[in-house]
Amino acid sequence: MHVLILGGTTEARRLAEALTTGHPGWRVTSSLAGRVARPLLPAGEVRTGGFGGVDGLARALRELQVDALIDATHPFAGTISFHAAQAAARAHVPLLALRRPGWVPVPDDDWHGVASLEEAARRLPTLGRRAFLTVGRLGLSAFAGVRDVFCVVRSVDAPEPPLPLRSEVLLARGPFTVEGERAVLREYGIDVLVTKDAGGEATAAKLVAAREAGIPVIMVERPAVPVGVLGVESVAEVVEWVRGIVR
């Protein structure tokens, strides 16, 4: 049994650990996009870099003799999810998507949903003057034209230009604590938070801190996912699905 996991998410690492522990006959390979300079490496085998589109991924599935493909990519890595669906169909490899639940607003949250980073940038000046941007370094170019807002940009690796005209970069890797997020909001006088609906626990603390401070949140909604692909929300469900294939 050879399982190929797409993604360097927290869930993908937990899945690789679960699949390699107690299953000595299973081969587990995790494929990382290579967008983070020093990624946290999962258990099992690791490959880095793209496949070369749908054709390349389908070819890799056949050449690597993959028995099961798991899409555990970030909720906003939409392109690879569609490539995975098409490649799995071409190579006749079973595909399962591990998708962490999205965040859900609770009472006292002041969320403003938008469909894209570009829309978030347009809305930003209407909601605040000192923003905390936690949208990932690859999405910052959408805010390059924002002139009237000072932006505190948090990223795992140093972002490349273009950046918001008035900005400061904080290099940090989650998980983050509520206490730590409160401190960021206080230190920089943040009055609006911009984030993407990534879901999960590692970066959810900022939402609690924003709620406590009465700060509005611009929430970029998740992109569409491939129709017809079976999806689950837990590592345990994936392990059971793989076991079903072995049987």
### Task
Check the pair Ser167 / Val152 against side-chain contact (heavy atoms from CB on, under 4.5 Å), numbers first and verdict last.
CA-CA 6 Å; Ser167 62; Val152 177; over 6 Å; no

## Note on the structure
Here the pair of heavy atoms bringing Trp241 nearest to Ala68 is CZ3-CB, 3.9 Å

### Message
Which residues pass the side chain to side chain contact (heavy atoms under 4.5 Å, CB included) test with Ala204, not counting sequence neighbours?
### Response
Trp103

### Task
Consider only side-chain N and O atoms of Glu119 and Ser116, and report whether a donor and an acceptor are under 3.5 Å apart.
no

## Note on the structure
In terms of heavy-atom contacts, Ala58 and Ala87 come closest through N-CB, 3.6 Å

#### Entry: Chi angles and distances behind the side-chain contact (heavy atoms from CB on, under 4.5 Å) call for Cys151, Phe132
CA-CA 6 Å; Cys151 298; Phe132 187 20; over 6 Å; no

### Message
Listing request: all salt bridge (charged side-chain N to carboxylate O under 4.0 Å, His left out) pairs with a residue in residues 19-29, at least two apart in sequence or in separate chains.
### Response
Arg27-Glu45

#### Entry: Check: Glu63 side chain, Ala60 main-chain N or O, donor-acceptor pair, under 3.5 Å
no

### Query
Taking it one step at a time, do Leu4 and Ile70 satisfy side-chain contact (heavy atoms from CB on, under 4.5 Å)?
CA-CA 6 Å; Leu4 177 60; Ile70 312 297; over 6 Å; no

### Residue pairs passing the salt bridge (charged side-chain N to carboxylate O under 4.0 Å, His left out) test where at least one lies in residues 66-85, sequence neighbours excluded
Asp71-Arg99

### Query
Do the side chain of Glu240 and the main chain of Ala236 share a donor and acceptor less than 3.5 angstrom apart?
no

### Message
Counting neighbours of CD on Glu201 that are heavy atoms of other residues, nucleotides or ligands and sit closer than 6.0 Å, is the number greater than 12?
### Response
no

### Query
Is the shortest distance from a Lys or Arg side-chain nitrogen in Glu181 or Arg186 to a carboxylate oxygen in the other one below 4.0 Å?
no

### Query
Is there a chain of hydrophobic side chains (I, L, V, M, F, W, Y, each step under 4.5 Å between heavy atoms) that links Ile245 to Leu230?
yes

### Message
Which heavy atom of Val229 sits nearest to which heavy atom of Ala85, and what is that distance?
### Response
CG2-CB, 3.9 Å

### Task
Scan residues 7-18 for pairs that pass salt bridge (charged side-chain N to carboxylate O under 4.0 Å, His left out), counting only residues two or more places apart or in two chains.
Glu11-Arg100

### Query
In the hydrophobic clustering that connects Ile, Leu, Val, Met, Phe, Trp and Tyr at side-chain heavy-atom distances below 4.5 Å, which members other than Val149 occupy its cluster, ordered by chain and number?
Phe76, Val114, Leu117, Leu124, Leu127, Leu133, Val135, Leu140, Phe143, Val146, Val153, Leu163, Val169, Leu171, Val192, Val194, Ile218, Val220

### Message
Taking Arg123's backbone N and O only, do any of them form a donor-acceptor pair with Thr126's side chain (distance below 3.5 Å, no angle check)?
### Response
yes

### Task
Hey, could you give me each pair passing side-chain hydrogen bond (donor to acceptor under 3.5 Å, both in side chains) that has a residue in residues 86-96? Not counting sequence neighbours.
Asp55-Arg90

### Task
Give the C-alpha distance, both sets of side-chain angles, the deciding distance and a yes or no for side-chain contact (heavy atoms from CB on, under 4.5 Å) between Ser30 and Ile5.
CA-CA 5 Å; Ser30 295; Ile5 303 171; 4.1 Å; yes

### Query
Taking C-beta and beyond as the side chain, do Glu168 and Phe150 meet within less than 4.5 Å on heavy atoms?
yes

### Task
Return the minimal non-hydrogen interatomic distance between Leu41 and Val46, and the atom names on each side.
CD2-CG1, 4.3 Å

### Point-to-point distance, once rounded to the nearest 0.5 Å, from CG of Leu32 to CG of Leu6
10.0 Å

### Query
When clusters are formed by joining ILVMFWY residues with side-chain heavy atoms under 4.5 Å apart, either directly or through shared neighbours, do Trp111 and Leu193 land in the same one?
yes

#### Entry: Residue of the set Val93, Val28, Val66 for which side-chain contact (heavy atoms from CB on, under 4.5 Å) holds with His2
Val66

### Task
Answer yes or no: is there a donor N or O on one side and an acceptor on the other, between the side chain of Thr9 and the main chain of Thr73, under 3.5 Å?
no

### Task
Spell out, yes or no, whether Leu15 and Leu96 are grouped together once hydrophobic residues are joined by side-chain heavy atoms under 4.5 Å, including indirect joins.
yes

### Qualifying side-chain hydrogen bond (donor to acceptor under 3.5 Å, both in side chains) pairs with a residue from residues 203-216, counting only residues at least two apart or across chains
Asp109-Arg211, Thr134-Lys206, Arg182-Glu212, Thr195-Lys206

### Message
Please give me the minimum heavy-atom distance between Ala210 and Leu185, naming the atom from each residue.
### Response
N-CD1, 3.9 Å

### Summary
Scanning both residues in full, the closest heavy-atom pair of Tyr188 with Leu170 reads OH-CD2, 3.2 Å

### Message
Side-chain heavy atoms under 4.5 Å apart, restricted to Ile/Leu/Val/Met/Phe/Trp/Tyr: what other residues fall into the cluster of Val208, or is it alone?
### Response
Val178

### Query
Who pairs with Trp26 by ring pair (Phe, Tyr, Trp, His ring centres under 6.0 Å), at least two apart in sequence or on another chain?
His23

### Task
Say whether Val239 and Val242 are linked into one hydrophobic cluster, either directly or through other cluster members, by side-chain heavy-atom distances under 4.5 angstrom.
yes

### Query
Under a single-linkage rule joining Ile, Leu, Val, Met, Phe, Trp and Tyr whose side-chain heavy atoms are separated by less than 4.5 Å, which residues share a cluster with Phe176?
none

### Task
Taking side chain to side chain contact (heavy atoms under 4.5 Å, CB included) as the test, write out the residues that go with Pro101, two or more places apart.
Glu233

### Query
Under the salt bridge (charged side-chain N to carboxylate O under 4.0 Å, His left out) rule, what pairs show up with a residue in residues 190-200, not counting sequence neighbours?
Asp197-Arg222

#### Entry: same_hphob_cluster(Ile80, Val3) at 4.5 Å side-chain heavy-atom cutoff
no

